[in-house]
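Working notes, structure below.
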Amino acid sequence: MNKKFIPVSEPFLRATEREFLMDAFDSGWISASGPYNKKLEDEFSKFCGVNYGSTVSNGTVAIHLAVRALELQKGDEVIVPNFNGIYGAYALMYEGVIPIPVDAEFDTWNINPELIEEKITNKTKAIMVVHLYGHPCDMDRIQEIADKYNLPIIEDAAEAHGAEYKSRKAGSLGDISTFSMYANKIMTSGEGGLVLTNNKKYYEKIEYLKNQCFSLNGPRNFIHEDLGYNYRYTNLQAAIAYAQFLQLDDLNKKRIEVNKKYRKALNGIKGLTFQVNKDYAKNVFWMSSILINKEITGFSRDQLEEHLLKNNIQTRRLFVGMHRQPVLKKYGIVINEKFPISDMLSDDGLYLPTSPQLNNSDIERIVEEIKVLYDTKN
Ligand SMILES: Cc1ncc(COP(=O)(O)O)c(C=O)c1O
């Protein structure tokens, strides 16, 4: 008999999401002007301790708007984590801004602050940080460098809703921060994004740009002074995300619990390690990610991936470093360096199924299959 398929991630939607969605539907407010957008913007930014919030279509355009708000120009350079998804690099490249990659820390997998300064030139105009898999970056150290060179920080918190750095919420740690509400994210509406900032000028620019550069306070006379976008977020989506936001603490608790169970159950597998959890961090474990040292485990990451999939358990490989992305090369961004930590993470890492609703028997089955593979090789 085929065992039940366990997806790597599933949205956890309950009665409140349906209720708010139907409320938005019944109200007729199905585009961006609607009460759920405003509620989400006001309450999520307050939760993060930030003055302004703006909902947008997704996490990638959220970063693009941050780039535009900071008025980054073609040929400018921005420090980025080399080990990351492509999203931040795309957002920069839309404007001809050059991502300058910095390798990851060995333990947290986030951008290594100690390697940032050597990459700063007179073209550097900002630092982008990403709290990978829910673990906040070492922000004090990064802020120190940003202050020294007078650089703004773009904080990509797409994977870290509710995470904390020294008791400060992710989303409050940069000059402009961004979130994603894609289906696999901690808080979701299928697609969606948020931009937060304490800077009124940035906020107004983001509101202006995301809505076709219609004048913010003037008449809707269809006269446009600047190049804008439709990066709006619908009230229908906001209704779902707002319901998720009200349950964020619970959603995070469940993810943290899933991670705890994995760690405990996989403790005896030598050569299988987890992302380190630093004292300064409240990691919300967006995903339970592991590394496989094949010299010790006797099996590679690829073999584990294949074995689990054969047993109807889906996993996902970790990100691929910017230096290995063909699109950067295609756009003339030449990176002639080595990124040993990124390579190790890309080659040996994967994340296990991580959803709030993953139950004990699912986790036991996943762990059991990892042990079966381990036992056949040891
Ligand atoms: C770190 C990071 N930044 C940005 C994004 C982009 O978000 P979206 O898929 O909503 O465009 C994602 C996820 O997809 C992400 O993981």
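Basis for what follows: all heavy atoms, side chains included, without hydrogens, waters or symmetry-related copies. Counting starts at 1 for both ligands and their atoms, following the listed order.
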Closest non-hydrogen protein atom to atom 11 (O) of ligand 1, residue and atom name please, with distance?
Thr60 OG1, 2.6 Å

Atom 16 (O) of ligand 1 has as its nearest protein heavy atom Glu159 OE2, 2.6 Å

Is ligand 1 under 4.0 Å from a heavy atom in the side chain of Asp156, in the backbone, in both, or in neither?
side chain

If we set the cut-off at 4.0 Å for heavy atoms, which region of Lys185 has an atom near ligand 1: side chain, backbone, both, or neither?
side chain

Polar-atom distance check: [X] versus ligand 1, any N or O pair below 3.5 Å?
{"X": "Trp286", "result": "no"}
{"X": "Glu191", "result": "no"}
{"X": "Tyr182", "result": "no"}

Applying ring pair (Phe, Tyr, Trp, His ring centres under 6.0 Å), run through Tyr36 and Tyr233 and close with a yes or a no.
CA-CA 10 Å; Tyr36 286 107; Tyr233 183 61; over 10 Å; no

Near [X], which atoms of ligand 1 are under 4.0 Å from a heavy atom of that residue?
{"X": "Asn58", "value": "10 (O), 11 (O)"}
{"X": "Ser180", "value": "7 (O), 8 (P), 10 (O)"}
{"X": "Gly59", "value": "6 (C), 7 (O), 8 (P), 10 (O), 11 (O)"}
{"X": "Asn84", "value": "1 (C)"}
{"X": "Val130", "value": "1 (C)"}

Output for pair (Leu21 CG, Leu13 CG), nearest 0.5 Å, gives 9.5 Å

Identify the residue among Asp138, Asp156, Ile142, Val102 that makes a side-chain contact (heavy atoms from CB on, under 4.5 Å) with Val129.
Ile142

Take Phe222 and Phe214, measure what ring pair (Phe, Tyr, Trp, His ring centres under 6.0 Å) needs, and give me the verdict at the end.
CA-CA 7 Å; Phe222 298 101; Phe214 278 108; 5.8 Å; yes

Quick one: are Thr354 and Asn259 in side-chain contact, heavy atoms under 4.5 Å?
no

Pairing donors with acceptors under 3.5 angstrom, does anything connect the side chains of Glu204 and Tyr52?
no

